[in-house]
Number of protein chains: 2
Amino acid sequence: MDPVEIKLITALEDRGLRKTAARSLVTSRIENANDAFTAEQLCRDLPEVGRATVYRTIRHLVDSGALCKLPILDGAPMYSVARVEHHHHTICSKCGAVGEFRHSTVERVMRSLEKEIDGDIVGHRMEIFITCNQCLAKSDTGANSAV
Amino acid sequence: MDPVEIKLITALEDRGLRKTAARSLVTSRIENANDAFTAEQLCRDLPEVGRATVYRTIRHLVDSGALCKLPILDGAPMYSVARVEHHHHTICSKCGAVGEFRHSTVERVMRSLEKEIDGDIVGHRMEIFITCNQCLAKSDTGANSAV
DNA sequence: TCAGTAGTTGATATCAAGTATCAATTACTG
DNA sequence: CAGTAATTGATACTTGATATCAACTACTGA
């Protein structure tokens with residue numbers, strides 16, 4: 001009874017969707033991954049579920065807000081379980097690991113931008129590119145210190 | 001002698017690339033567009049230039065920093081001429097118009113985030129989704145007021 | 001319990017964005 | 001102006017994602 005899995009199944013049911021074997025496989029796999037993933041990765045991990053179904057289920061989860069889709073320059077978008085209501089992402093530019101954070105200052109900036117910007121602000125997105133601690137540790141050992 | 005076009009040609013020459021007819025067509029078209037565009041749009045606008053060349057030229061311009069590539073959820077990335085050194089984008093969620101802005105507060109937030117975040121910050125990206133003034137004006141006339 | 005029906009599935013075809021190949025062409029150099 | 005190295009672009013291909021549609025399955029109400 002993992003809270004995340006419950007959330008994913010609930011998200012689908014809340015949209016009036018049926019609970020099927022294929023959808024259970026997809027949602028539990030996402031929950032077990034506990035890291036950001038691409039649609040293709042999911043398809044590879046679940047050969048017993050059709051591609052179309054994997055893509056459709058992901059779309060439902062994104063539409064419901066249970067998953068967030070983050071666009072990646074040069075590559076397929078990644079998906080991660082939305083653990084925090086409104087949040088932003090950190091992306092390690094070496095290994096691609098995705099994290100989630102929330103900081104009130106970011107939201108406060110939006111208010112001060114309202115005067116700067118022509119039009120109504122309806123949303124925003126922010127990504128912070130980092131070198132994560134794991135990758136920093138690796139390069140400290142001299143394995144791959146070139147930047 | 002439009003300053004933007006000079007900048008685009010210079011950007012290519014600075015990378016040791018030759019000035020060719022195809023590249024001139026691409027750069028001047030980008031300069032005339034004065035709005036964000038997709039690679040496919042450019043290809044359609046320039047049937048006399050091969051797709052490969054259009055894509056290659058765009059890549060050179062992005063690598064040189066003269067163009068910025070911004071990822072779009074559900075669709076091909078858009079490109080816009082980088083008029084301001086470091087900046088962020090506004091994207092109208094109705095018509096897709098892309099704007100550019102710079103605000104010191106955004107940069108200041110980064111410093112306060114350094115403590116929050118595990119790892120070294122190497123960059124960031126921010127997009128503000130808006131309804132632009134044109135689209136606001138249109139919906140005021142009752143043409144398309146549903147949201 | 002079961003039949004009806006509406007939602008779901010997945011193999012396949014297709015589409016769209018973008019890249020690799022490579023022979024022909026072109027820009028630069030001396 | 002010849003040599004050579006960069007460039008071009010038609011073509012084929014790759015990858016990510018969607019459309020199609022007949023077969024299947026979950027729910028409903030009797």
Side-chain angles (χ1 to χ4, degrees), chain A residues 8-30 33 36-64 66-80 96 98, chain B residues 8-30 33 36-64 66-80 96 98:
Chain A
L8 293 183
I9 284 171
T10 305
L12 294 177
E13 287 179 337
D14 285 354
R15 314 201 89 217
L17 300 171
R18 291 180 178 172
K19 187 177 172 181
T20 66
R23 285 181 181 147
S24 295
L25 283 169
V26 173
T27 54
S28 66
R29 182 79 208 184
I30 290 173
F37 58 93
T38 66
E40 288 303 314
Q41 275 166 20
L42 245 196
C43 287
R44 252 174 276 134
D45 290 348
L46 292 169
E48 64 270 39
V49 179
R51 304 172 54 69
T53 300
V54 170
Y55 275 92
R56 274 188 294 242
T57 306
I58 287 175
R59 187 153 17 127
H60 285 309
L61 290 169
V62 170
D63 289 349
S64 75
L67 271 192
C68 36
K69 177 176 184 175
L70 57 149
I72 300 293
L73 277 178
D74 307 314
M78 300 200 75
Y79 300 91
S80 68
V98 173
Chain B
L8 293 183
I9 284 170
T10 305
L12 294 178
E13 287 179 337
D14 285 354
R15 313 201 90 219
L17 300 171
R18 291 179 178 173
K19 186 176 171 180
T20 67
R23 285 179 181 149
S24 294
L25 283 169
V26 173
T27 52
S28 66
R29 181 80 207 185
I30 290 173
F37 58 92
T38 65
E40 289 301 315
Q41 275 166 22
L42 245 196
C43 288
R44 251 173 278 134
D45 291 347
L46 293 170
E48 64 270 38
V49 180
R51 307 171 52 66
T53 301
V54 170
Y55 274 93
R56 274 188 293 241
T57 306
I58 288 176
R59 190 152 14 128
H60 285 309
L61 290 169
V62 170
D63 289 350
S64 75
L67 270 192
C68 38
K69 177 176 183 176
L70 57 149
I72 301 292
L73 276 178
D74 307 313
M78 301 200 75
Y79 300 90
S80 69
V98 173

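Keep in mind the model is a prediction, meaning the values are calculated, not measured. In what follows, chains carry the letters A, B, and so on, assigned in the order in which the sequence lines appear, proteins first and then strands, with residues in each chain numbered from 1.
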For B:Glu48, which contact category applies under a 4.0 Å heavy-atom criterion: base, sugar-phosphate, or nothing? sugar-phosphate
By the 4.0 Å heavy-atom rule, please label A:Arg56 as base, sugar-phosphate, or nothing. base
Rounded distance in Å - [atom1] ([X]) to [atom2] ([N]):
X       : N      : atom1 : atom2 : value
A:Gln41 : D:dG16 : CD    : C1'   : 13 Å
A:Arg18 : D:dT28 : CZ    : C1'   : 9 Å
B:Arg15 : D:dT7  : CZ    : C1'   : 16 Å
A:Leu17 : D:dT25 : CG    : P     : 19 Å
B:Leu25 : D:dT8  : CG    : C1'   : 13 Å
B:Leu12 : C:dC28 : CG    : C1'   : 16 Å
B:Leu73 : D:dG16 : CG    : P     : 17 Å
B:His60 : D:dA6  : NE2   : C1'   : 10 Å

About how many Å separate [atom2] of [Y] and [atom1] of [X], when rounded to the nearest 0.5 Å?
X       : Y       : atom1 : atom2 : value
A:Leu61 : A:Arg23 : CG    : CZ    : 9.5 Å
B:Arg56 : B:Ile58 : CZ    : CD1   : 12.0 Å
B:Arg44 : B:Arg51 : CZ    : CZ    : 9.5 Å
A:Leu73 : B:Lys69 : CG    : NZ    : 5.5 Å
A:Leu8  : A:Ser28 : CG    : OG    : 9.5 Å
B:Asp45 : B:Arg29 : CG    : CZ    : 4.0 Å

Does D:dA26 have OP1 or OP2 under 4.0 Å away from a side-chain N or O of A:Arg23? no
Please tell me if B:Thr20 has a side-chain N or O lying less than 4.0 Å from either OP1 or OP2 of D:dT8. yes
Between protein and nucleotides 14-19 of chain C, what N or O pairs are separated by less than 3.5 Å?
unit_1: C:dG18; atom_1: OP2; unit_2: B:Tyr55; atom_2: OH; d: 3.0
unit_1: C:dG18; atom_1: N7; unit_2: B:Arg51; atom_2: NH2; d: 3.2

Go through B:Leu12 and B:Thr57 one step at a time and tell me if the side chain to side chain contact (heavy atoms under 4.5 Å, CB included) criterion holds. CA-CA 8 Å; B:Leu12 294 178; B:Thr57 306; 4.3 Å; yes
Residue among A:Leu67, A:Ile30, A:Leu70 satisfying side chain to side chain contact (heavy atoms under 4.5 Å, CB included) with A:Ser80: A:Leu70
Give me the atom names and distance for the closest heavy-atom approach of B:Met78 to B:Gly96. SD-O, 4.4 Å
In this structure, which stretches of DNA chain C are paired as stems of three or more consecutive Watson-Crick or G-U pairs, both distances less than 3.5 Å? C:1-30 with D:1-30
